[in-house]
Asker: 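Here it is: the structure, laid out below.
Small disclaimer: the values here were computed from a predicted structure and weren't measured.
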Amino acid sequence: MRLTAKNLKTVYLKRYTAVKDKYGYITKGWSAAEPVKMTIEPAGGAVNAQIYGESLNYMLVGKYQGQAIKAAQSENIGACVYVGKDSEPDYEITAVQEYSTHKNITLKKRSDAK
């Protein structure tokens, strides 16, 4: 399966990392933004509705081809879908399903995103 170029959207991935605040303390923060191209659609379907219930309204599904996102390694990575790359991520990767030609990425809206 090849993803159509006109449907691809640039999404910026950010990983949790240790950063220094203005007082010199080390806290959790976000790494530099890493751009990836994927298709973004609202999450839906009977199975997802049973799994996620009412929170399904705050979820997206992305299709991705590449090596930046991997199953069992990329969960909890932040994704800047509708905000700029300099902002805090507005979505977080909750699941990655790998297929032979692409990966299905489940994104959930972050409740603490501004």
Asker: Quick one: closest heavy-atom pair of Glu34 and Ala68, and the distance?
Answerer: OE2-CB, 3.3 Å

Asker: Starting at NZ of Lys103, measure out to OG of Ser74 and round the result to the nearest 0.5 Å.
Answerer: 7.5 Å

Asker: Answer yes or no: is there an ion pair linking Glu88 with Arg110, defined by an N-O contact shorter than 4.0 Å?
Answerer: yes

Asker: Could you go through Asn104 and Val96, starting from their C-alpha distance and side-chain angles, then the distance that decides it, and tell me whether this counts as side-chain contact (heavy atoms from CB on, under 4.5 Å)?
Answerer: CA-CA 6 Å; Asn104 284 348; Val96 179; over 6 Å; no

Asker: Please answer: with hydrophobic residues joined when any side-chain heavy atoms are less than 4.5 Å apart, are Tyr64 and Tyr12 in the same cluster?
Answerer: no

Asker: Kindly give the heavy-atom pair with the smallest separation between Gly62 and Ile40, and that separation in Å.
Answerer: CA-CD1, 4.3 Å

Asker: Measure across Val11 and Ala79 and return the closest heavy-atom pair with its distance rounded to 0.1 Å.
Answerer: CG1-CB, 3.9 Å

Asker: Side chains of Lys14 and Ile77: does their closest heavy-atom pair fall under 4.5 Å?
Answerer: no

Asker: Within this structure, what is the CZ-CD distance for the pair Arg15 and Gln73, rounded to the nearest 0.5 Å?
Answerer: 8.5 Å

Asker: Do Val61 and Met38 share a hydrophobic cluster, counting only Ile, Leu, Val, Met, Phe, Trp and Tyr and linking them when any side-chain heavy atoms are less than 4.5 Å apart?
Answerer: no

Asker: Parallel, tilted or perpendicular: which one describes the rings of Tyr82 and Tyr91, with boundaries at 30° and 60°?
Answerer: perpendicular

Asker: Only one of Lys37, Lys63, Gln65 passes side chain to side chain contact (heavy atoms under 4.5 Å, CB included) with Leu8; say which it is.
Answerer: Lys37

Asker: With no hydrogens and no angle check, is any side-chain donor or acceptor of Thr106 less than 3.5 Å from a backbone partner on Thr94?
Answerer: no

Asker: Evaluate Leu60 against Glu41 for side-chain contact (heavy atoms from CB on, under 4.5 Å), listing each step before the verdict.
Answerer: CA-CA 6 Å; Leu60 299 172; Glu41 303 168 352; over 6 Å; no

Asker: Quick one: do Leu13 and Trp30 end up in the same hydrophobic cluster if we chain Ile, Leu, Val, Met, Phe, Trp and Tyr together by side-chain heavy atoms under 4.5 Å apart?
Answerer: no

Asker: List the steps and the verdict of side-chain contact (heavy atoms from CB on, under 4.5 Å) for Lys85 and Cys80.
Answerer: CA-CA 6 Å; Lys85 66 179 179 179; Cys80 299; 5.6 Å; no

Asker: With the side chain counted from C-beta on, respond yes when Lys9 and Val81 share a heavy-atom pair under 4.5 Å apart, and no when they do not.
Answerer: yes

Asker: A side-chain contact here means heavy atoms from C-beta on lying under 4.5 Å apart; do Val36 and Thr10 qualify?
Answerer: no

Asker: Quick one: does Asp90's side chain have a donor or acceptor within less than 3.5 Å of a partner on Lys109's backbone?
Answerer: no

Asker: Any cation-pi pair here, Lys28 with Tyr16, using under 6.0 Å and within 45°?
Answerer: yes

Asker: Within the side chain of Glu75, is there an N or O that forms a donor-acceptor pair under 3.5 Å with the backbone of Ala95?
Answerer: no

Asker: Can Ile69 and Ile93 be said to form a side-chain contact (heavy atoms from CB on, under 4.5 Å), step by step?
Answerer: CA-CA 10 Å; Ile69 300 173; Ile93 296 176; 4.3 Å; yes

